[in-house]
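Chain letters run A, B, ... following the sequence lines, proteins first and then strands; every chain starts at 1.
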There are 2 protein chains.
Amino acid sequence: MVTLEDVARQAGVSLATASRVLNGSTRQVGASLRAKVELAAAELGYRTNVAAQTLARGASNVIGLVVHDLTDPYFAAIADGAMRVAESQGLMVMIGTTHRDPQREIAYVSTLNAQRVRAVLLVGSRVTDPEMTRRLRTELDQYRESGGRVACVGQNLLGVDTVVPDNRLGAAELARALAGLGHRNFAILAGPDWLIAPRDRVEGFGAALEELGLPAPRVLHGSFDREGGYAAATQVSGVTCVFAVNDVMAVGALASFRDRGIRVPEDVSVAGFDDIFTLRDLVPSLSTVRLPLADMGVRALELALDPSGESRTEIVTGEVILRESTRGLG
Amino acid sequence: MVTLEDVARQAGVSLATASRVLNGSTRQVGASLRAKVELAAAELGYRTNVAAQTLARGASNVIGLVVHDLTDPYFAAIADGAMRVAESQGLMVMIGTTHRDPQREIAYVSTLNAQRVRAVLLVGSRVTDPEMTRRLRTELDQYRESGGRVACVGQNLLGVDTVVPDNRLGAAELARALAGLGHRNFAILAGPDWLIAPRDRVEGFGAALEELGLPAPRVLHGSFDREGGYAAATQVSGVTCVFAVNDVMAVGALASFRDRGIRVPEDVSVAGFDDIFTLRDLVPSLSTVRLPLADMGVRALELALDPSGESRTEIVTGEVILRESTRGLG
DNA sequence: CTGTTAGCGCTTTCAG
DNA sequence: CTGAAAGCGCTAACAG
């Protein structure tokens, strides 16, 4: 393992000088020494020991990213956005997937704290369990006390900068658009109640329906993924329109209806939420509420990296997009 | 920032003792002292400084993962597999996306080397450019000389442990299956020629056709993504069957045909490669060659972490799956 | 079982 | 502009 000292010796300069040329220092170094050091470093194949650097500097160049599930395109898109800004700033990203287990999220924050990452990004819906939220907050507070920065994509429950998709509003507008199509009787394919995002979508949708004087929707719960959508959809009957609280659940619903010989949109309309890019070529194409996923990741990391604020909330509104999976009734 | 020393002082023990209880040491510590240390650590909210630990130990607990594109479900699936084994071993993963730029791949290896990660996983097709391969190899060799472990998912061109999907064989078997359906005239929606995986698939498919005495397929090049598939498909005519070298290109092709009023599979059959999970509910469902993606990620990291080998090659064979997007011509 | 102590490799005052 | 030296926080002999 070649160290800075080896380089300094070979170049015939001091450790300090070698450090100054090889690592971004504000201090200037004379051209000839600089050249010598660079040559020596190249010859020896020197690679900075980042651990030593981090220890000496008291600050690392990595950011932590905690997501629920990387194979869910929702998270992949947000992560991609965040990673692009990380890369543009010369930061590495350390990633953890919780598989929707709040405890794991807490554990990751602790680990990332130990890593002394520059910032941590928590991506994904918060949970309703106040105890979990409290413990996570405690962990985050401790991390922040030691100078860590935190941002969240989800709901502002952690006292940190947050990018929050307006789930209630998006769902409400979707409900109004669907009602505008003539639908009166709805079913909602809801996610688990302990996740706030799907719950908000259910509530927003229901509230809008109520405002319009329409019958309350039938709410069917399932897991927040394709299987959950499939399972919940099997219980649907007697409605003209189904709202799945996210696109992957909607895909499950589509499959379920297909298996039951129910045509979409002829027999029943289906709408989702998120506008997952990978699903754009679905047939029938999915009506949904578009969220600027990659952008949310970008903004979240920007917030985390920008020291000039504290617990800022940036609301992102979704855009209703009606495609083939929903049809007008009359 | 509370340090081990603070904990030791508060607990009234030596630094060494505190270290032994708080960090996995083989050495035993008496129950009463152990309790004192744990109490002190909890009271103070102590968090190990991993950078210091890494420096002192000379070994880190993170692995590096380099993929082309995280929003491509192919990579997300493999990454997920690798991350699961990392998690099970208490390792964190640092991730980098190259967006298919070989130079970035080299740069990431260099950075990960600087981070002194325990192992690095290179996921994705190698390129044909020998100069790039050479430079990457040089960088990897340097990393390995200093004790780093490397594994690759793709082709064994780097002299490291590699999980290689048998692209030629998979494509050949697909060709035979399709020919078995009665198809004689094929077009291939090929990826860029500088990527080995798509090139191998084209060759394997073509070779099988030749063996069967069938006319050579028309090869249409496009980028290795949905857009590339769409674009290449617009030039298809006069064939009964189209082979897109991966599923996302096949999805593009499906969209293209739909836009042109060409029915699949009635007018033309379409097959892909990879069997992307997210696309399982496509209509028509896609015929393809299934690769055990998550598993490949698992095995690759296992290889990297298992010191008992050197440049092992583990071949993964795909399984032809015929679904609705291809039909028999008999 | 417990404590002392010498580093790990790099950064950063502080002098010159 | 350059060098000497004091740590950063933790681990791992080595001694007791």
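Counting to the nearest Å, the P atom of dT4(C) and the CZ atom of Arg20(B) are 11 Å from each other. Counting to the nearest Å, the P atom of dT2(D) and the CZ atom of Arg9(A) are 20 Å from each other. In this structure, the CD atom of Gln115(B) is 21 Å from the P atom of dC8(C), given to the nearest Å. Counting to the nearest Å, the P atom of dG9(C) and the CG atom of Leu22(A) are 15 Å from each other.
When atom types are taken as modelled, the side chain of Thr3(B) and the backbone of Glu5(B) share a donor-acceptor pair closer than 3.5 angstrom.
Taking 4.0 angstrom as the limit, Asn23(A) places a side-chain polar atom (N or O) nearer than this to OP1 or OP2 of dT11(C). Here Ser19(B) reaches the OP1 or OP2 of dT11(D): one of its side-chain N or O atoms lies under 4.0 Å away. The shortest distance between the side-chain N/O atoms of Ser14(B) and the OP1/OP2 oxygens of dT2(C) is not below 4.0 Å.
Under 4.0 Å is where a charged nitrogen must lie from a carboxylate oxygen, and between Glu139(A) and Arg134(A) no such pair does.
Nucleic acid contact for Gly58(B): none, since no nucleic acid atom lies under 4.0 Å from a heavy atom of the residue. Nucleic acid contact for Leu15(A): base, since at least one base atom lies under 4.0 Å from a heavy atom of the residue.
Remark: Ser88(A) engages Val85(A) in a side chain to side chain contact (heavy atoms under 4.5 Å, CB included) (not counting sequence neighbours). Remark: Phe277(B) engages no residue in a ring-ring contact (aromatic ring centres under 6.0 Å, His included) (not counting sequence neighbours). Partners of Ala300(A) according to the side chain to side chain contact (heavy atoms under 4.5 Å, CB included) rule, which considers only residues two or more places apart in sequence or in another chain, are Leu121(A), Val153(A), Val163(A). Residues passing the side chain to side chain contact (heavy atoms under 4.5 Å, CB included) test with Arg135(B) are Gln103(B), Ile106(B), Glu131(B), Met132(B), sequence neighbours excluded.
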Within the sub-3.5 Å range, which N or O atoms of nucleotides 7-9 of chain D have a protein N or O partner, and how far apart are they?
from: dC8(D); atom 1: O2; to: Ala56(A); atom 2: N; distance (Å): 3.4
from: dG9(D); atom 1: N2; to: Ala52(B); atom 2: O; distance (Å): 3.4

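Taking the screw axis at each terminus of the helix from dC1(C)-dG16(D) to dG16(C)-dC1(D) from five consecutive base pairs, the angle between the two is 30° to within rounding of 10 degrees.
Residue pairs satisfying the ring-ring contact (aromatic ring centres under 6.0 Å, His included) criterion with at least one member in residues 33-71 of chain B, sequence neighbours excluded, are listed as follows: His68(B)-Phe75(B). Evaluation of the ring-ring contact (aromatic ring centres under 6.0 Å, His included) test over residues 96-154 of chain B, restricted to residues two or more places apart or in two chains, returns none. The side chain to side chain donor-acceptor pair (under 3.5 Å) analysis of residues 146-155 of chain B, with sequence neighbours excluded, yields the pairs Arg149(B)-Asp161(B).
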